[in-house]
Every structure is written in structure tokens, then in C-alpha cells.
Amino acid sequence: MHLTIATWNINSVRLRQAHLHQLAARLKPDVICLQETKVPDDLFPEAIASELGFPHLLKRGMKSYNGVAILSRLPLTLAEDTPDWCGKSDCRQISASVESPGGPVTIHDFYVPAGGDIPDRTANEKFAHKLDFLAETRAHFLKYKPRRAVLVGDLNIAPLEQDVWSHKQLLNVVSHTPVEVDALNSWRETGFHDAIRHFVPADQKLYTWWSYRNRDWAASNRGRRLDHIWVTPDLVPALHSHEVLREARSWEQPSDHVPLAVTLAL
DNA sequence: ATGGTGGATACTCCA
């Protein structure tokens, strides 16, 4: 069995429903994890899921900000026991499992706080929130010891030098500071492999996000790899292929993030 | 060094 899991920061699911058809056509995923849906659960455009051939839908949203959702061709079992990160109830994680021949695979869909502009936890409470969030997720997965799990999402950190357009120029820019990179690595090292870097060597540039604040995103190409797919070691032998849908940044009225996917041969 | 754009909401916050 092949299982393709896609992740995308859609930046408003109500505004970009049509793009989901393109995502499904290009990546042919079995599961789509979304972040920044920006809609309360009772206003989620549920019809889009069945239109796409994804009859199974789980969502955790709120008004205006954040929000995550999982659309699936296969039945989903919601993980009910996810923590309330930083006590904020701000809809940054939803997790579920799907059945596969070797047993269930758990999918964790995360939207990590962006962290504001100033990389200083005392001067900027959003940066403090980001670091606290990362410390809590690390502690949780240290205790939980994930198995047969895939963790995806907008983690809002580009950990490697080649994950940003200029390592030197971004060293003090939120998303690429050493303190964030260390925190993200400490979380990942609780039991995950970077599935995208399994396929793309660390010395090759790779981005999943380009700012809106650029006249010509493709020409300047000042991107960052903020979106990730991690798998537990027991799934590393199943890693079959990957795709980063760069063309999505050129879709009409695009998200500033592009979708990516990993296929597992289970 | 600065400001640039976009989404949701309601005259501002967040990215």
C-alpha cells in the first residue's frame, strides 16, 4: 500500500478552496493536512472535502487566526488526547490515525507560532510563545515516544543553512535564529527523521515559503523552508518519494506557502 | 535601514 500525505499552509481555506482541486490533481494525496484555515469549525466549507473525494474530515479552527484540518480518502481516527499548548486553546494541532497493513499510522498536523519580528523572548512575547511552544512539544514527544508516526506542518523554522536564501543575512531573523533551530532540532530528536531532507541533500537549496512582500518572488527567490514532514525511524524504510509543489506559488491569488508531500510504501 | 503585501475583521492584528 502507498500512502501519500500532503501538508499545506493554505492561509484561509474559504478563500482558496479551488486550489485544493489543483493540489489533489498534482500530488494525488491520500491525506491532506492544512494549516491556517482561519475559520471556526461550524463555518468550515465541508463540501470541498467530499467534492475532492476526501470523505473524511477533521478540523480544529477558530475565528480569524490559526486553525488546522485533515482531509482524507481513508477513515480517520481522531487523537483525543492532544495537549492544550501553552494553555492558549489556539487550534495549532490536530492528530489522527489511518489504518495500514503494518498497523495504524498516526499523523500529527502542526502550526507552530510564527514568533513576531524581534528574536528576543523578553522584548517580544510572541517569540517567547514560540520558544515555549517548542519546549512543550519537545517534552510531550519525549514522554509519548512516537511510533509509526508522521509529523507535518508549518513549523515556522528553517533549520538548515540551505533552507534559507541567505544563512548569514537571516541569522538574526525570526525563523532562522540559532535558538529556534536548536529548539526545533531538540523536538525532532525526540524521535523523528526529516523526511524531506531524506530525499533532498542538505547542501541543496530548498524552500516552501516566499514572502508576499516581494515584487517578484520567483526572480528574487528569497525563500525559506518553513514547512516540514517528519517520520519516526520505523517508517524511514517505507520512505518512497516526495514532492514540493513550487508551482503553487504562481497560482492565482496564492498562499505564501506551497504544498509538499511524502509517499510511504507500507 | 526601511518597507514591502496579504487575509480576516472591523477601523487593527497577525503573518
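Here the structure is a predicted model, which is why all the values come from computation and not from measurement. Basis for what follows: all heavy atoms, side chains included, without hydrogens, waters or symmetry-related copies. Throughout, protein chains are lettered first and strands after them, A, B, ... in sequence-line order, and every chain is numbered starting at 1.
Atom name C1', nucleotides B:dC14 and B:dG4: the rounded distance is 16 Å, in whole Å. B:dA1 and B:dC13: their P atoms are spaced 27 Å apart (whole Å). Between B:dG3 and B:dA15, the two C1' atoms lie 15 Å apart (nearest whole Å). Look at the P atom in both B:dT5 and B:dT9: the space between them is 23 Å, to the nearest Å. A gap of 23 Å separates the P atoms of B:dG6 and B:dT2, to the nearest Å.
When the ring pair (Phe, Tyr, Trp, His ring centres under 6.0 Å) test is applied to A:F199, the partners found at least two apart in sequence or on another chain are A:H242.
The residue among A:N156 and A:K63 whose nearest nucleotide of DNA chain B lies closer to the 5′ end is A:K63. When each of A:S64 and A:G115 is assigned the nucleotide of DNA chain B with its nearest heavy atom, A:S64 is the one assigned upstream, toward the 5' end.
Remark: A:R224 is not positioned above the aromatic ring of A:W209, lacking an NZ or CZ atom under 6.0 angstrom from the ring centre and at most 45 degrees off the axis.
Within the 4.0 angstrom heavy-atom criterion, only backbone atoms of the sugar-phosphate kind lie near A:R14; the bases stay farther away. Looking at heavy-atom distances under 4.0 Å, A:R222 makes no contact with the nucleic acid at all.
Spacing between atom CG of A:N124 and atom P of B:dA15 amounts to 10 Å, rounded to whole angstrom units. Between the CG atom of A:N9 and the P atom of B:dA15 there is a distance of 11 Å, given to the nearest Å. As rounded to whole Å, 11 Å separates atom C1' of B:dT5 from atom CZ of A:R215. Atom CG in A:D256 sits about 10 Å away from atom P in B:dG6, given to the nearest Å. Rounded to an integer number of Å, the gap from A:Q17 CD to B:dG7 P is 14 Å. For the pair A:I157 CD1 and B:dA15 P, the computed distance is 14 Å after rounding to whole Å. Taking atom CD1 on A:I10 and atom C1' on B:dA15, their separation rounds to 16 Å, with Å as the unit. Between A:L226 atom CG and B:dA15 atom P there is a gap of 13 Å when expressed in whole angstrom units.
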Could you go step by step and tell me if A:H108 and A:W230 meet the ring-ring contact (aromatic ring centres under 6.0 Å, His included) rule?
-> CA-CA 10 Å; A:H108 299 289; A:W230 297 347; over 10 Å; no

Take A:R60 and A:T82 through the test side chain to side chain donor-acceptor pair (under 3.5 Å) and record every step on the way to the result.
-> CA-CA 12 Å; A:R60 183 168 291 156; A:T82 50; 3.2 Å; yes

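In this pair, A:W187 and A:F141 present their aromatic rings tilted. The plane angle is within the 30 to 60° band.
The phosphate of B:dG7 (OP1 or OP2) has a side-chain N or O of A:R16 nearer than 4.0 angstrom.
Side-chain rings of A:H198 and A:H193 stay apart, their centers remaining 6.0 Å or farther from each other.
Salt bridge absent: A:D163 and A:K205 never bring a charged side-chain N and a carboxylate O closer than 4.0 Å. We find that A:E243 and A:R26 are not joined by a salt bridge, their nearest charged nitrogen and carboxylate oxygen being 4.0 Å or further apart.
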Could I get a table of every N or O pair under 3.5 Å where one atom is in the protein and the other is in nucleotides 12-14 of chain B?
none

